[in-house]
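Read the numbers this way: they start at 1 and go in the same order the structure lists the ligands and their atoms.
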Amino acid sequence: EKKIPKSSSWTVEDFEIGNLLGRGRFGYVYCGREKQTRFVVALKILFKAQLKNSKMEQQVKREIEIQSNLKHPNILRLYGFFHDEQRIYLLLEYAPGGELYRRMQTEKVLRESEAAGYVYQLCNALNYLHTKRVIHRSIIVDIKPENILIGKYGILKLADFGWSAESTSTCKRTTLCGTLDYLPPEMLNGNGYDEKIDLWCLGVLTYEMIIGKPPFDSQTQHETIRMIRSIELTFPTGTSTDLRDLITKLLRRNPADRLPLKDVAQHVWITKNADIAAIEDSYVKRKKTL
Ligand SMILES: Cc1nn(C)cc1-c1nc2c(-c3cnn(Cc4ccccc4)c3)c(Cl)cnc2[nH]1
C-alpha cells in the first residue's frame with residue numbers, strides 16, 4: 001500500500017465510505033478508502049454535539065495528539081484527522097481481522113500458540129508505551145479484549161478506545177458492562193496506580209484467552225470485586241503448569257511483585273508457544289508495505 005499522503009485539508013469528500021465497522025457512544029467507525037491513493041482506512045466519526053455536552057472535547061484533543069505520535073506495529077495508527085460543522089473524523093489504521101473480543105466470543109478459547117503470540121506482541125506494545133509514557137506520563141492504557149484489534153498478517157493492534165469511553169463495546173460482554181473483570185486491586189482500593197496495572201490486565205487477558213472466561217468472573221459485581229481483592233484464582237484441570245506460572249506471577253496484589261514486561265516476553269509459556277520468529281518477520285513484512 002502507498003502511504004496515505006499527509007494533508008491537513010482532508011474533507012469527507014476525499015473518501016469513499018464503506019460498511020459500518022462499529023459504533024460507540026460518541027460515534028461510528030466505517031471502513032473508508034481515500035479516493036486518490038485508494039488507501040483503506042477506518043474512519044471514526046465523532047459527533048461534536050455529543051462530545052460537547054459530555055465535556056469530552058479536551059480529552060479527545062489530548063488523545064488525538066498522543067495517539068498520532070505513537071508509531072509501533074502493535075498500536076493502531078492514527079494517520080490524521082479533520083472536522084466539519086458537526087463531526088470530527090479520525091483517520092485510523094484499518095485492521096482487517098476485526099476485534100479480538102469477537103474472535104474470543106466465536107472461538108470460545110484460543111490455541112496456546114495464538115494467545116502466546118498476542119501476549120508477546122502486547123509486551124512489545126506496552127514496552128513501547130512505557131517509554132512514551134515517560135514523556136506523556138499519563139497514557140494509562142486499559143488492556144482488554146475490546147481494545148484490541150487484529151491487523152494484517154495476524155498482527156495484534158492495541159486500539160485503546162478507552163478515551164472515547166466507548167462503553168458500548170464493553171457492554172457487549174454482559175448487561176452490566178463487564179469491565180470490572182479487568183480492574184486491578186489497587187484501583188479497587190483507590191490507591192494510586194501506575195503502568196504496572198498493565199501487567200495485571202495482561203494476566204487477566206491471558207487467562208481469558210485460554211480458559212474462555214476472565215479469572216474473577218462471577219454472577220455479581222460484588223462477588224467479582226471480592227474475588228479480585230482476595231485474588232481468588234483457580235485454574236481448570238488441564239491448564240499447563242507454564243501458563244499457571246505466568247498468570248500467577250502477573251496477578252499479584254502488590255504491583256511491584258508482578259513479573260516485569262521483559263520477563264513476560266521471555267517466559268517459558270511464551271517462548272514454547274509463540275512463534276516469535278514469525279511475529280518478528282510480520283513486523284518486517286509490514287514495514288515493507290508502508
Ligand atoms: C469490526 C471489524 N470486522 N472486520 C472484519 C474488521 C473490523 C474492524 N473494526 C475496526 C475498527 C473498529 C470498529 N469498531 N471499533 C470499536 C469502536 C466503534 C466506535 C467507536 C469507538 C470504537 C473499532 C477500527 Cl478503529 C479499525 N479497524 C477495524 N477493523
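Residues D281 and Y153 bring no donor and acceptor atom of their side chains to less than 3.5 Å of each other.
Among the atoms of A95, some N or O lies under 3.5 angstrom from an N or O of ligand 1.
Under 4.0 Å from ligand 1, not a single heavy atom of R102 appears.
In summary, the atoms of ligand 1 found under 4.0 Å from a heavy atom of A42, numbered by their order in the structure, are 24 (C), 26 (C), 27 (N). Per-residue contacts place P96 under 4.0 angstrom from the following atoms of ligand 1 (heavy atoms of the residue considered): 4 (N), 5 (C), 6 (C). Interface of E93 with ligand 1, defined as ligand atoms under 4.0 Å from a residue heavy atom, comprises 26 (C), 27 (N).
Among residues two or more places apart in sequence or in another chain, the ring pair (Phe, Tyr, Trp, His ring centres under 6.0 Å) test is passed with F216 by W200. For F235, the ring pair (Phe, Tyr, Trp, His ring centres under 6.0 Å) test picks out Y207, with sequence neighbours left out.
In this structure, of A159, G98, G151, the residue bringing a heavy atom nearest to atom 4 (N) of ligand 1 is G98. Comparing C31, G97, G24 against atom 19 (C) of ligand 1, the shortest heavy-atom distance belongs to G24. Taking only non-hydrogen atoms, the option from V29, L21, L20 nearest to atom 1 (C) of ligand 1 is L21.
Taking the six-membered ring for Trp and the full ring otherwise, the centers of W10 and F81 sit at least 6.0 Å from each other. In this structure, F39 has its ring center under 6.0 Å from that of Y79.
Proximity of L122 to I148: side-chain heavy atoms (C-beta onward) are separated by under 4.5 Å at one or more points.
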